[in-house]
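One is the number of the first residue; the rest follow in order along the sequence.
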Amino acid sequence: MSSEVTVPRRNTSGLTRDIEILEILGSPEAAPSGLGVVRVAQLTGRDKAVVSRSLATLAEAGLVERDESTLAYRLGSRLYAMAGLTLESRLVWKSRPILRRTAQQARETTHLCVLRGGNVLTIASELSPHEFRTTGWEGVTTAAWRTPSGRALLSDWDEVALERWYEEHGQDQVIVGPLPSHSAGFAVLQAPPADKVIVSDLPSLRSELERIRETGYALLDEELELGVVGASAPVRDYNGRIIAALNVSAPKMRIGDRLESLARYVSSAAAELSRQLGYADRSDA
């Protein structure tokens with residue numbers, strides 16, 4: 001009996017063949033080290049030469065990658081980048097109503113942030129209805145350790161990953177991407193005041209992340225911008241993995257001693273967005 005595995009051919013178009021190959025390279029069998037041309041041909045039931053040409057075309061496009069030692073193929077970095085953009089598009093789409101409602105209820109500027117190479121990128125903002133307000137940081141990249149959003153995003157990392165991240169990014173400059181335009185004139189601090197530093201080294205970062213895990217939110221008090229406070233909470237996907245942070249920032253003179261209550265509200269809004277993304281908190285079950 002032949003050991004070859006075949007699948008029915010429903011459509012012989014080039015696009016259908018390519019999609020079928022990508023699905024096979026995304027299967028558990030391909031996960032450890034990729035698959036060779038022969039095995040892909042077996043699984044698709046197609047001629048080896050046809051499969052080889054398809055794989056070469058996909059490799060040229062960056063959708064698959066070939067290991068030069070084993071000659072095995074695996075899914076390529078460009079495909080993952082495209083998937084990441086799709087995830088973030090869905091995140092922004094899902095988050096817009098919550099961002100808008102949070103900005104209206106809290107009456108302060110609200111942001112949705114993600115991690116980028118150890119730094120934080122704001123991918124969506126809703127402005128406060130107040131004329132005097134903090135501005136939107138949409139499209140701006142900041143050092144994660146300087147922001148409550150960054151700390152919230154790091155709060156589910158294990159010790160080894162966190163240590164490696166800190167070695168590379170613990171001293172990043174405060175604004176990595178373009179400077180935001182500030183309608184209210186808040187000054188960005190290149191270094192936080194000595195009496196405001198929450199995270200200045202790896203041990204204090206660990207301590208802060210533990211506090212975030214316990215409370216469910218991160219706080220900021222004039223560390224990034226003079227006169228600005230903020231609160232952030234993690235947003236989770238259906239697996240419980242932190243994929244974004246919801247943040248509210250406001251002039252300190254308006255918030256006063258209400259920062260903790262604002263943080264609890266932000267945490268509840270982030271939890272609602274997490275539920276919409278399929279997350280179910282089993283700790284309450």
Side-chain angles (χ1 to χ4, degrees), residues 87-88 90-116 118-128 134 136-138 140 142-157 162 165 198-199 205-225 228-250 252 254-255 257-284:
L87 173 61
E88 286 181 10
R90 180 170 180 262
L91 261 176
V92 171
W93 176 69
K94 282 281 191 180
S95 71
R96 280 297 182 191
I98 292 177
L99 287 174
R100 191 172 300 115
R101 185 169 69 251
T102 302
Q104 290 171 348
Q105 293 293 326
R107 299 190 64 76
E108 303 297 348
T109 302
T110 307
H111 316 278
L112 184 71
C113 306
V114 296
L115 209 57
R116 276 281 194 277
N119 301 302
V120 172
L121 172 67
T122 301
I123 59 175
S125 294
E126 286 289 336
L127 295 179
S128 163
T134 61
W137 284 63
E138 202 163 323
V140 179
T142 55
W145 72 275
R146 288 288 303 277
T147 68
S149 295
R151 297 165 196 165
L153 285 161
L154 292 169
S155 62
D156 68 344
W157 285 36
L162 183 64
W165 175 88
I198 293 179
V199 181
L205 177 58
R206 288 194 185 105
S207 177
E208 174 64 8
L209 297 187
E210 179 60 32
R211 192 199 65 78
I212 294 169
R213 286 189 284 269
E214 290 175 358
T215 62
Y217 54 79
L219 301 175
L220 181 83
D221 187 354
E222 293 189 288
E223 291 179 61
L224 184 61
E225 295 177 276
V228 174
V229 297
S232 296
V235 175
R236 300 177 183 272
D237 66 7
Y238 67 96
N239 284 320
R241 183 173 58 96
I242 296 175
I243 56 172
L246 190 67
N247 177 76
V248 171
S249 60
K252 185 172 183 176
R254 192 157 61 225
I255 294 299
D257 60 358
R258 296 185 293 110
L259 185 56
E260 290 280 353
S261 61
L262 175 65
R264 289 190 288 273
Y265 178 74
V266 172
S267 181
S268 67
E272 181 182 350
L273 179 54
S274 297
R275 287 191 294 272
Q276 290 189 16
L277 295 171
Y279 175 61
D281 187 355
R282 294 175 179 81
S283 64
D284 295 333

Distance-minimising heavy-atom pair for Asn119 and Ala143: OD1-CA, 3.7 Å
Non-hydrogen side-chain atoms of Lys252 and Asp221 separated by less than 4.5 Å: yes
Glu208 and Arg211: CA distance, side-chain angles, deciding distance, salt bridge (charged side-chain N to carboxylate O under 4.0 Å, His left out) verdict: CA-CA 5 Å; Glu208 174 64 8; Arg211 192 199 65 78; 3.3 Å; yes
Separation between CZ of Arg116 and OG1 of Thr142, rounded to the nearest 0.5 Å: 12.5 Å
Heavy-atom donor-acceptor pair, Ser261 side chain to Leu259 backbone, under 3.5 Å: no
Ser274 (side chain) donor-acceptor with Ala270 (main chain) under 3.5 angstrom: yes
Arg275: side-chain contact (heavy atoms from CB on, under 4.5 Å) partners, not counting sequence neighbours: Ala271, Glu272
Audit row: Arg241, Asp156, salt bridge (charged side-chain N to carboxylate O under 4.0 Å, His left out) steps and yes/no: CA-CA 8 Å; Arg241 183 173 58 96; Asp156 68 344; over 6 Å; no
Distance (rounded to the nearest 0.5 Å) between Leu153 CG and Cys113 SG: 7.0 Å
Working for side chain to side chain contact (heavy atoms under 4.5 Å, CB included), residues Thr109 and Leu127: CA-CA 4 Å; Thr109 302; Leu127 295 179; 4.0 Å; yes
Nearest-0.5 Å distance that lies between atom CH2 in Trp157 and atom CG in Leu205: 10.5 Å
Leu121 side, atom CG; Ser149 side, atom OG - distance, nearest 0.5 Å: 11.0 Å
Electrostatic pair Glu126-Arg101, nearest N-O below 4.0 angstrom: no
Shortest non-hydrogen contact between Arg151 and Leu219, atoms and distance: NH1-O, 3.6 Å
Side-chain touch Thr147/Leu220, heavy atoms, less than 4.5 angstrom: no
For Ser95, all residues meeting side-chain contact (heavy atoms from CB on, under 4.5 Å), sequence neighbours excluded: Leu99, Leu112, Leu273
Main-chain N/O of Asn247 paired with Ser232 side-chain donor or acceptor, under 3.5 Å: no
Set of salt bridge (Lys or Arg N to Asp or Glu O under 4.0 Å) partners for Glu260, sequence neighbours left out: none
For the student: nearest non-hydrogen atoms of Leu115 and Ala144, plus distance: CD1-CB, 4.2 Å
4.5 Å side-chain heavy-atom contact, Thr102 and Tyr265: yes
Interatomic distance, Gln104 atom CD to Arg100 atom CZ [nearest 0.5 angstrom]: 7.5 Å
Minimum-distance pair of heavy atoms, taken over all atoms of Arg254 and Arg258: O-NH2, 2.9 Å
Minimal non-hydrogen separation, Val266 against Ala231, with atom names: CG1-O, 3.9 Å
Heavy-atom side-chain proximity of Tyr279 to Ile243 below 4.5 angstrom: no
Minimal non-hydrogen separation, Val248 against Glu108, with atom names: CG1-CB, 3.6 Å
